[in-house]
Amino acid sequence: MVRDMMSGNESFQLAATARVSFLLSTENPPIDVVIQSGVVPHFVRFLIEQYGFQHKLYSVSALYAIGKGSLEQAVAVIKHGAIPMFIRLLCCSEECYQLKELVAAALGSLANQSPDFRDYVLQFGTLTPLLSLLDNHLEPPMLHEKITLLRACSNTLAIVCQGNPAPSFNQIRSALPILRRLIHLNPPVGVIGDVFEDACLCLSYLSNGSAEQIQALIDADVCARLVMLLGFSDGKIVEHVLRTVGNIFKGVDSQIQKIMDAHIIPSLLYLSQSDNYDVEVRWDAACALSNAARRGSNEQIRFLVNQGCIGPLCDHILCPDRKTSILCLKGLKSVLKASEIMHSTRNLYTLIITDFDGFGKVEKLQSDPDIGEMAMKLLMKYGV
């Protein structure tokens, strides 16, 4: 097969490429053997214009399989220059949708290897053709005819938006207008639902950062739609949206007010106590309320208390999820501190917290190695 691939006979090359591609699609693909045989550069070479569709399809399939392997195996794909060739195929005017779908998936598998690989994939301008493919196929009948292509593109988009450390916001902010369209797809079921979920996941990543990032999200006019999405029955979508909302609540007062003005608090209160979803949804809703209490102004905290947010914070303060427990404790602390400023003679919010047995629950945290000291100080200052 190696000899045939290196021959000058295109028929032999195509047959050998197809056979190697098939071997790499088996349950235990011989990736190292293929790499050591020296054929990876030939897979990349077959992506140039002079070779036909089948040459390209089998070559991309083989490179995709190698890129899904270990980090060291994926290096072989990158070092032989596959990424620029992938980008060229995504940008070509020919309507070779099956090939573009495979290329999008291959780029996603490489970006998924590590943050460095992700950044390397992004620096070649991957986002532009991905967003263009999504933008050009969001209206019927193309939406339904090319839905698997859209799914490959949305999945890769979600991959390049995530990671620790996160990608540079300037590299991915251009995705926001497309994401706004994607979260309006209807109905969000089946493969369309998968694309929809990818878009919600992207927003949760893009909102997790600076006030500039949060403002860009708000400027994309997604707040009202986020509120609507909290009423969906799909728990995964609701989780992603809750994390996005929680991130917006980490912003400045004006940004917090914008999402509050979209009437989101009633939805958060409902979800923090609802049994219709997995427990993680209740925890995420409580964390969002805590973020609002911790970062909001005194007037915004007053509004939260009047809406009934103290109850959920007290309810989840002893939950088994450490992050939620800590955030609820910090949220209560912020509420009490705001009340101290607003009610100079008496801390009125202590009475509400007492009604929900909040201080009794805080007492049980005093022996906690991580937050015991915080709990003790809160009780000493505000406990009744």
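What's counted below: heavy atoms across the whole structure, side chains too, no hydrogens, waters or symmetry copies.
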Q. Yes or no on salt bridge (charged side-chain N to carboxylate O under 4.0 Å, His left out) for K146 and E101, after CA distance, side-chain angles and deciding distance?
A. CA-CA 9 Å; K146 310 303 177 188; E101 178 184 332; over 6 Å; no
Q) Relative to the ring of H42, is the ring of F46 parallel (under 30°), tilted (30 to 60°) or perpendicular (over 60°)? A) tilted
Q) Side chains of L122 and I172: does their closest heavy-atom pair fall under 4.5 Å? A) yes
Q: Return yes if some donor-acceptor pair links the side-chain N/O of N247 with the main-chain N/O of S204 below 3.5 Å, else return no.
A: yes
(Q) Let me confirm one number: the CZ-CG distance from R173 to L217, rounded to the nearest 0.5 Å. (A) 10.5 Å
Q. Is it true that a side-chain atom of T126 and a backbone atom of V121 form a donor plus acceptor pair closer than 3.5 Å?
A. yes
**Q.** Non-hydrogen atoms of D253 and R295 that approach each other most closely
**A.** OD1-O, 3.6 Å
Q) Is there a donor-acceptor pair under 3.5 Å between the side chain of S290 and the backbone N or O of L327? A) yes
(Q) Taking P129's backbone N and O only, do any of them form a donor-acceptor pair with S132's side chain (distance below 3.5 Å, no angle check)? (A) no
Q: Could you tell me whether R181 and E139 make a salt bridge, using a distance below 4.0 angstrom between a side-chain N and a carboxylate O?
A: yes
**Q.** Minimal non-hydrogen separation, L206 against Q213, with atom names
**A.** O-NE2, 2.9 Å
Q: Taking the six-membered ring of Y64 (Phe, Tyr or Trp), confirm whether the NZ or CZ of K68 is under 6.0 Å from its centre and within 45° of its axis.
A: yes
Q) Do you see a donor-acceptor pair shorter than 3.5 Å between the side chains of D234 and Y277? A) no
Q: Answer with yes or no after comparing the ring centroid distance for F196 and F232 against a 6.0 Å cut-off, counting only values under it.
A: yes
Q | Polar contact flag, side-chain donor to acceptor under 3.5 angstrom, Y51-R45 | A | yes
Q. Rounded to the nearest 0.5 Å, how far does CG of L99 lie from CG of L89?
A. 5.0 Å
Q: Measure from the side-chain N and O atoms of R180 to the backbone N and O of D221, and report whether any donor-acceptor pair falls under 3.5 Å.
A: yes
**Q.** Expected output: side-chain S325 to main-chain D321 donor-acceptor under 3.5 Å
**A.** no
Q. How far apart are the C-alpha atoms of S61 and S21, what are their side-chain angles, what is the distance that settles it, and do they pass the side chain to side chain donor-acceptor pair (under 3.5 Å) test?
A. CA-CA 6 Å; S61 179; S21 176; 3.1 Å; yes
Q: Taking all heavy atoms of H263 and all of P266, pick out the closest pair and write down the distance.
A: O-CD, 3.6 Å
**Q.** Check: T156 side chain, C153 main-chain N or O, donor-acceptor pair, under 3.5 Å
**A.** no
Q. Salt-bridged, R282 to D315, with N to O below 4.0 Å?
A. no
Q) Are there more than 12 heavy atoms of other residues, nucleotides or ligands under 6.0 Å from atom NZ of K333? A) no
Q) Is there a donor-acceptor pair closer than 3.5 Å between any side-chain N or O of Q255 and the backbone N or O of I248? A) no
Q. Would you call R302 and E299 a salt bridge, using N to O less than 4.0 angstrom?
A. yes
(Q) For Q73 and D32: C-alpha separation, side-chain torsions, deciding distance, then whether side chain to side chain donor-acceptor pair (under 3.5 Å) applies. (A) CA-CA 7 Å; Q73 291 166 340; D32 285 329; 3.0 Å; yes
Q. Should K236 and E280 count as an ion pair when the cut-off is N to O under 4.0 Å?
A. no
Q: State, with a plain yes or no, whether a side-chain heavy atom of L313 is found less than 4.5 Å away from one of I353.
A: no
Q: Indicate the atoms forming the closest heavy-atom contact of L24 with P29, along with that distance.
A: O-CB, 3.4 Å
Q) What do the steps show when you test L329 against V362 for side chain to side chain contact (heavy atoms under 4.5 Å, CB included), and what is the final call? A) CA-CA 8 Å; L329 182 61; V362 173; 4.0 Å; yes
Q | Reported CG-to-CG distance for the pair L179 and L201, which is rounded to 0.5 angstrom | A | 10.0 Å
Q: Start with the C-alpha distance between Q123 and D119, add both sets of side-chain angles, then the distance that settles side chain to side chain donor-acceptor pair (under 3.5 Å), and finish with yes or no.
A: CA-CA 6 Å; Q123 79 178 39; D119 292 344; over 6 Å; no
Q: Working to the nearest 0.5 Å, report the span between CG of L229 and SG of C200.
A: 5.0 Å
Q: Inspect the contact between D198 and R151 and indicate whether a charged nitrogen and a carboxylate oxygen are less than 4.0 angstrom apart.
A: yes
**Q.** Backbone of Y270 reached by a side-chain donor or acceptor of Q273 within 3.5 Å
**A.** no
**Q.** Worked check of side chain to side chain contact (heavy atoms under 4.5 Å, CB included) between F249 and L289
**A.** CA-CA 8 Å; F249 277 136; L289 288 169; 5.9 Å; no
Q: Run the ring-centre check on H137 versus Y97 and record whether the distance is less than 6.0 Å.
A: yes
Q) Should I159 and L107 be marked as a side chain to side chain contact (heavy atoms under 4.5 Å, CB included) after you check the CA-CA gap, both sets of side-chain angles, and the distance that decides it? A) CA-CA 10 Å; I159 289 170; L107 286 165; over 6 Å; no
Q. Within the side chain of T324, is there an N or O that forms a donor-acceptor pair under 3.5 Å with the backbone of P320?
A. no
(Q) Could you report the tightest heavy-atom contact between L23 and T26, atom names first, then the distance? (A) O-OG1, 2.6 Å
**Q.** N-O pairing of K258 and D219 below 4.0 Å
**A.** no
Q. Is it true that R88 and E49 have a side-chain N and a carboxylate O under 4.0 angstrom from each other?
A. no
Q: Walk me through it: do L230 and L268 pass the test side chain to side chain contact (heavy atoms under 4.5 Å, CB included)?
A: CA-CA 8 Å; L230 290 180; L268 295 178; 4.1 Å; yes
Q) NE2 of H55 to CE of M5: how many Å apart, nearest 0.5 Å? A) 8.5 Å
(Q) Can you confirm whether the side chains of D261 and Q257 place a donor and an acceptor under 3.5 Å from each other? (A) yes
Q. Which atoms form the tightest heavy-atom contact between V44 and H80, and what is the distance?
A. CG1-O, 3.4 Å
